[in-house]
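For reference, the structure is listed below as structure tokens.
Order of the sequence lines sets the chain letters (A, B, ...), proteins ahead of strands, with each chain counted from 1.
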Protein chains: 2
Amino acid sequence: MARHSLAPNRRSDTRERILESATILFGTRGFDSVSLDQIAAEVGVAKQSLLYWFASKDDLIQAVLVNMAAELTVVVEAAIRSAPDMPLDRLEAVIHAVFRPAVRRPALLGLLRELSRLPTGAAEHLTEILNPLVTRAGTWLRTEMQAGRLRQGDPSLIIALVYATVAGIATEPEALRVVGWSQDVIGLRKLRNELTSFLRAALAP
Amino acid sequence: MARHSLAPNRRSDTRERILESATILFGTRGFDSVSLDQIAAEVGVAKQSLLYWFASKDDLIQAVLVNMAAELTVVVEAAIRSAPDMPLDRLEAVIHAVFRPAVRRPALLGLLRELSRLPTGAAEHLTEILNPLVTRAGTWLRTEMQAGRLRQGDPSLIIALVYATVAGIATEPEALRVVGWSQDVIGLRKLRNELTSFLRAALAP
DNA sequence: ACGGTTCTCTACCAAATGGTAGACAATCTC
DNA sequence: GAGATTGTCTACCATTTGGTAGAGAACCGT
């Protein structure tokens, strides 16, 4: 009898499949709006299999967040390393790099949007992962400014502005639609290009 | 015996107090994360009094959204009318006008962030309210561009960019904090000023 | 062959949630 | 003053939720 249609493996991929589905669901609909049952149904397992891999919903959320932070870090660091040397070109490359996963998987940045719903202190671990990334970017901007290759300004503010814009664009298509735009008319690619040309105009020395 | 400590009034202000509390709670923590019990407790009434004024949770959400759209419309239209004549100054005035309620009541823009969680079609009514506002702004930008007082560009993209940035800044302080910034270091006012100076640099003819 | 480990499942449970039924008090209308 | 209206409440309910208990199948090392 095929009660266990999925033959148990010593090395099961269930954990990764749960993480993937949970990332998408949490990122698009929010931690509180997604139940463990829904995630389990999406993955195609029973809820209790899910609770075997993650002791509680909070544990699952934590794992999803750490996973997301690591993924973002890899993408951004790779872009910084491989980008062209001129600061404006490099900045554009990084923005493109962040936009690509943000568009393919809006849930990634959507998760950041969810942070404010966590109990206080639950996101402390994320700071350890993401803060160095931001600090590095700030240091780089400052260096370029002092070398006269970028207009003077507060690096922190620039980074915050870029983050807010990317997050706002990538995670709120519905809000944009409601005020009267369809995705086709606006388009994430167009918005990305507009953002980069804005930055070029504002940061050129 | 004071079982009804609040003397019933023919004209009760309970409805408005519910709307106010619901706006704040929904906007900061999300539709699904806030229960009717919590709203009722915040207002200081029983849940059933709440259901007397709004037939269901969906009804309450709908009312909160319409209320928010009307409030935003008033603010923006007033700013457009009273602003100085030079386009860049006027644009800055409008941004300041949107930022003020956005900072005082982050829930206002936070509600827009929540739209993607509504069942399809539930936000149609909002489009009727907000779309004219956006259309008007777009027409105005286009006119100024044709008059040569702003650099050429796609008005829709500019508006979307401004909206995304304001919304991202005003509604995600927690996300900004997690990557390593405190509100004190960054500050919404600084971010607003940075945004307007960016726009000036990018849109000056 | 066999005992332990890994993995998934069915069967429950206590708490919270959105919502209903209806009693009861204050006020208005006549 | 009588009856309808308005507004608030207590009591209750069905469903959903996160989580527990524990059985059983497939695989491992010996």
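Side chains of A:V162 and A:V94 form no contact here, defined as non-hydrogen atoms less than 4.5 Å apart. Contact check for A:T14 versus A:I18: side-chain heavy atoms found under the 4.5 Å cut-off. Counting heavy atoms from C-beta outward, B:V76 and B:V98 have side chains that approach closer than 4.5 Å.
Going from atom CG of A:L133 over to atom OG1 of A:T73 covers 5.0 Å, rounded to the nearest 0.5 Å. Rounded to the nearest 0.5 Å, atoms CD (B:Q38) and CZ (B:R29) are 4.5 Å apart.
Rounded to an integer number of Å, the gap from CD1 of A:I39 to P of C:dT8 is 16 Å. Look at CZ on A:R15: it is 15 Å from C1' on C:dT6, rounded to the nearest Å. Rounded to a whole Å, the OH atom of B:Y52 is 13 Å from the P atom of D:dC9. At whole-Å resolution of the value, CG in A:L50 and P in D:dT20 are 13 Å apart. What separates CG of B:D13 from C1' of D:dT6 is a distance of 15 Å, to the nearest Å. Between the CD1 atom of B:I61 and the C1' atom of C:dG18 there is a distance of 11 Å, rounded to whole Å. The distance between atom CG of A:D59 and atom C1' of D:dT20, rounded to the nearest whole Å, is 16 Å.
Of the candidate nucleotides D:dG7, D:dC9, C:dT8, D:dC9 has the atom nearest to the side chain of B:V45.
Under the side chain to side chain contact (heavy atoms under 4.5 Å, CB included) criterion, A:I24 pairs with A:E20, not counting sequence neighbours.
Contact annotation: B:W53 does not reach the phosphate of D:dT6 (side-chain N/O to OP1 or OP2, under 4.0 Å). A sub-4.0 Å separation between OP1 or OP2 of D:dG7 and a side-chain N or O of B:T14 is absent. For A:S49, a side-chain nitrogen or oxygen approaches OP1 or OP2 of C:dC9 to under 4.0 Å.
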Report task. Sugar-phosphate atoms are those with a prime plus P, OP1 and OP2; base atoms are the rest. Using that split, label each nucleotide of nucleotides 11-19 of chain D B, S or - for protein heavy atoms under 4.0 Å, 5' to 3'. Result -> B-----SBB
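A side-chain donor-acceptor contact under 3.5 Å links A:E114 to the backbone of A:F31.
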